[in-house]
Amino acid sequence: MGSGRHGAARPPIGVLIQQDRVDFSLFASIIVIALAVMVLIGVGLASAAFWLAFLPIIVTSALIVRRIGRLSRDELRDDELL
């Protein structure tokens with residue numbers, strides 16, 4: 001039998017967010033501001049400002065997913081060193 005850890009469970013997302021609260025609060029504020037701009041503009045799908053306000057939501061969502069992935073890899077790497 002091998003002694004290595006296979007299939008190690010990733011830490012919960014809440015724990016990862018708590019580790020880097022400042023970054024995730026900035027991400028949340030970007031999304032909230034973009035949504036507020038979209039609401040103030042109105043739901044005009046033909047409006048260029050609407051779509052320009054929609055872009056930060058997509059980009060910030062991608063950054064959140066990448067940051068959570070990075071934090072979970074770092075957490076798993078730290079566990080392997082123990």
Side-chain angles (χ1 to χ4, degrees):
M1 285 276 167
S3 62
R5 255 177 74 180
H6 300 289
R10 290 183 177 226
I13 292 176
V15 171
L16 297 174
I17 291 174
Q18 285 294 92
Q19 288 178 355
D20 214 355
R21 272 183 271 158
V22 174
D23 283 350
F24 286 105
S25 64
L26 290 173
F27 290 149
S29 65
I30 291 170
I31 291 175
V32 167
I33 291 170
L35 288 173
V37 167
M38 290 171 74
V39 167
L40 291 174
I41 291 171
V43 186
L45 296 178
S47 173
F50 178 85
W51 291 108
L52 286 175
F54 187 68
L55 287 176
I57 294 173
I58 295 171
V59 172
T60 304
S61 300
L63 289 173
I64 289 171
V65 169
R66 289 188 62 186
R67 186 71 180 143
I68 287 175
R70 171 73 52 118
L71 287 172
S72 66
R73 281 193 306 272
D74 290 346
E75 186 77 20
L76 288 175
R77 190 173 318 137
D78 290 343
D79 285 346
E80 289 175 359
L81 294 176
L82 295 177

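Small disclaimer: the values here were computed from a predicted structure and weren't measured.
- Not counting sequence neighbours, the partners of Ser72 by the side-chain contact (heavy atoms from CB on, under 4.5 Å) test are Arg10, Pro11, Leu16.
- Under the 4.5 Å side-chain heavy-atom criterion for grouping Ile, Leu, Val, Met, Phe, Trp and Tyr, Phe24 is connected to Ile31 within one hydrophobic cluster.
- The main-chain N or O of Val22 is found under 3.5 Å from a side-chain atom of Ser25 such that the two form a donor-acceptor pair.
- Between Pro56 and Ala34, the shortest heavy-atom distance links the atoms CB-CB, 4.4 Å.
- In terms of hydrophobic clustering, with Ile, Leu, Val, Met, Phe, Trp and Tyr side chains grouped at heavy-atom distances under 4.5 Å, Trp51 and Ile57 are assigned to a common cluster.
- Taking the side-chain contact (heavy atoms from CB on, under 4.5 Å) definition, one finds that Val15 meets it with Pro12, Gln19, sequence neighbours left out.
- Under the 4.5 Å side-chain heavy-atom criterion for ILVMFWY residues, no single connected hydrophobic cluster contains both Leu63 and Leu26.
- Remark: Ile13 CD1 is loosely packed, at most 12 non-hydrogen atoms of other residues, nucleotides or ligands lying under 6.0 Å away.
- Looking at residues two or more places apart in sequence or on another chain, you find a side-chain contact (heavy atoms from CB on, under 4.5 Å) between Ala49 and Ile41, Ser47.
- For residues 27-38, there are no salt bridge (Lys or Arg N to Asp or Glu O under 4.0 Å) pairs, not counting sequence neighbours.
- No chain of hydrophobic side-chain contacts below 4.5 Å, direct or via other Ile, Leu, Val, Met, Phe, Trp or Tyr residues, connects Val32 to Ile64.
- Leu52 is linked by a side-chain contact (heavy atoms from CB on, under 4.5 Å) to Leu55, counting only residues two or more places apart in sequence or in another chain.
- In the hydrophobic cluster analysis, where Ile, Leu, Val, Met, Phe, Trp and Tyr join through side-chain heavy atoms closer than 4.5 angstrom, Ile30 is grouped apart from Ile17.
- Partners of Arg67 under the salt bridge (charged side-chain N to carboxylate O under 4.0 Å, His left out) rule, at least two apart in sequence or in another chain, are Asp20, Asp23.
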